[in-house]
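Below you'll find the structure, written out as structure tokens, and then a few comments.
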Amino acid sequence: MARRQERAGGGGGWLPWLGLAFLPLAVPPAAAPPGACPSACYCVATPELVQCRYERLEEPPKELPVTVHNLSIAGSNLSVLPRAAFASARPLPDLRLLRLRHDNIHTIEDMALQGLPALRTLDLSQNPLLSVAAGAFAGAPSLRTLQLNQALLAAPLEEQLALALRNLTLRRLELAGNALRALPAALLPAGLEELDLRNNSLQRLAAAELRSLDAPALRGLRLTLGANPLSCDCALRPFLAWLRASAARVPDARGLRCAGPPPLRGAVLLRLRPEGLACAADEGGEPGRLETASYVFFGIVLALIGIVFLMVLYLNRRGIKRWLHNLREACRDQMEGYHYRYEQDADPRSASAISTPGL
């Protein structure tokens with residue numbers, strides 16, 4: 001009997017341990033403490049650098065460390081940035097760099113950056129932007145660098161961005177890879193120091209665009225223009241002259257090359273002379289059209305002169321016929337005189353008479 005009780009007591013000893021093993025499953029997990037790294041992201045070294053890469057987030061993480069300095073979200077599906085998108089729970093007073101690349105952002109609403117008073121650099125590159133509210137950047141008064149590389153391909157946003165940037169003090173603006181065909185003068189706030197226009201569709205900078213760059217508010221602006229299909233025809237002469245005089249404002253000026261016409265393809269732009277840039281009609285530009293029109297006008301003038309000449313001949317046909325008849329008679333008389341003299345000189349009797357005058 002004692003043995004049975006001992007066995008029973010020994011067999012039931014593992015039950016308390018089993019209950020302890022299943023206890024964590026019954027208790028819900030505790031929320032991340034304030035200031036901890038979000039579960040969908042990882043923090044490098046310290047919570048001051050947070051990276052959320054290719055996590056397919058539908059919205060920005062809510063509980064960000066209050067001490068975060070750099071925040072990078074890439075490869076997600078944020079779509080819309082609503083009001084206070086990154087500081088809905090509490091402000092982030094130390095956030096200075098915000099990178100949002102490849103996040104399928106197409107709409108930025110008013111005050112989307114509210115709660116980010118120290119933000120200085122915003123990167124929205126590789127996003128299909130469709131709508132930018134006039135107050136989209138109003139919550140970031142310290143913003144100095146805006147990167148919009150390959151972000152303006154989905155829709156023309158120059159007017160919307162001009163309204164959104166009007167109250168900012170930008171120092172650097174990046175617009176590379178946006179297929180721009182002209183200088184976006186409306187997006188150049190006063191005091192801008194650096195403008196990146198590489199890898200666009202610029203063939204030249206027109207005279208009006210060059211005058212805007214020489215305005216007092218933009219005289220300190222430096223712009224990069226590499227990887228643009230520059231057309232080295234006569235329409236490029238104003239830009240070439242400006243580039244020679246302001247090469248210090250274009251850091252990559254020595255690397256600019258011609259994309260056309262074929263004889264100048266690959267030529268270094270600064271090695272060309274303005275008078276050597278020809279206007280070819282087959283280039284399809286305005287100089288070519290003007291040259292074609294000049295040739296057409298010249299041909300029309302020659303045709304009119306020919307018609308007038310033919311009309312004069314027709315109206316004076318009788319006088320011309322009489323003149324030709326008289327000319328022919330005069331020529332005939334002259335030829336008969338020559339023929340008579342030749343016969344006289346060739347007659348042997350006249351020759352002997354001349355040789356023996358005393359007989």
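Atoms considered below: every heavy atom in the structure, side chains included; atoms not considered: hydrogens, waters and symmetry mates.
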Any sub-3.5 Å donor-acceptor pair from [X]'s side-chain atoms to [Y]'s backbone N or O?
X: Asn70; Y: Leu49; answer: no
X: Arg249; Y: Leu213; answer: yes
X: Asp233; Y: Ala235; answer: yes
X: Asn127; Y: Leu124; answer: yes
X: Glu209; Y: Ala206; answer: yes
X: Gln160; Y: Val132; answer: yes
X: Arg265; Y: Ala259; answer: yes

Value rounded to 0.5 Å, distance of [atom1] in [X] from [atom2] in [Y]:
X: Ser246; Y: Leu223; atom1: OG; atom2: CG; value: 9.5 Å
X: Asn178; Y: Gln150; atom1: CG; atom2: CD; value: 7.5 Å
X: Ser125; Y: Asn149; atom1: OG; atom2: CG; value: 4.0 Å
X: Phe137; Y: Leu163; atom1: CZ; atom2: CG; value: 11.5 Å
X: Leu210; Y: Trp242; atom1: CG; atom2: CH2; value: 6.5 Å
X: Ser76; Y: Leu100; atom1: OG; atom2: CG; value: 9.5 Å

> Among Leu270, Asn228, Val268, which residue meets the side-chain contact (heavy atoms from CB on, under 4.5 Å) test with Arg257?
Replying inline: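 By the side-chain contact (heavy atoms from CB on, under 4.5 Å) criterion, Arg257 pairs with just one of Leu270, Asn228, Val268: Val268.
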>> Check Arg172 with Glu174, please: is the shortest side-chain N to carboxylate O separation under 4.0 Å?
In response: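 Here Glu174 pairs with Arg172 in a salt bridge, since their nearest N and O are under 4.0 Å apart.
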> Does a side-chain N-to-carboxylate-O contact under 4.0 Å join Glu48 and Arg96?
Replying inline: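 Looking at Glu48 and Arg96, the cut-off is not met.
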Is the shortest heavy-atom distance from the side chain of [X] to the side chain of [Y] under 4.5 Å?
X: Ile105; Y: Leu129; answer: yes
X: His106; Y: Val80; answer: yes
X: Phe297; Y: Val301; answer: yes
X: Arg144; Y: Thr169; answer: yes
X: Leu195; Y: Leu183; answer: yes
X: Leu221; Y: Glu193; answer: no
X: Lys62; Y: Ser88; answer: yes
X: Leu116; Y: Pro91; answer: no

>> Counting only heavy atoms not in Arg244 (residues, nucleotides, ligands), do more than 12 fall under 6.0 Å from its CZ?
In response: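 Correct, the count exceeds 12.
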> Would one find more than 12 heavy atoms of other residues, nucleotides or ligands at under 6.0 Å from atom CZ of Arg317?
Replying inline: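 Check passes, neighbour count above 12.
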For the residue pair [Y] / [X], report whether a side-chain donor-acceptor contact shorter than 3.5 Å exists.
X: Gln114; Y: Arg83; answer: yes
X: Asn104; Y: Asn77; answer: yes
X: Thr224; Y: Asp196; answer: yes
X: His325; Y: Arg322; answer: no

>> Apply side chain to side chain contact (heavy atoms under 4.5 Å, CB included) to residues Phe239 and Leu225 and explain how you reach the verdict.
In response: CA-CA 12 Å; Phe239 172 64; Leu225 296 167; 3.8 Å; yes
>> Does Arg198 form a salt bridge (charged side-chain N to carboxylate O under 4.0 Å, His left out) with Asp252? I'd like the steps, not just the answer.
In response: CA-CA 10 Å; Arg198 293 174 298 172; Asp252 57 351; 5.8 Å; no
> What is the minimum heavy-atom distance between Ala118 and Pro93, and which atoms define it?
Replying inline: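 Heavy-atom minimum between the residues: CB-O, 3.2 Å.
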> Do Leu173 and Leu175 pass the side chain to side chain contact (heavy atoms under 4.5 Å, CB included) test, and can you show the C-alpha distance, the side-chain angles, and the key distance before you say yes or no?
Replying inline: CA-CA 7 Å; Leu173 179 61; Leu175 299 173; 3.9 Å; yes
>> Test salt bridge (charged side-chain N to carboxylate O under 4.0 Å, His left out) on Arg219 and Asp214; report intermediate values, then the result.
In response: CA-CA 5 Å; Arg219 283 183 179 174; Asp214 289 333; over 6 Å; no
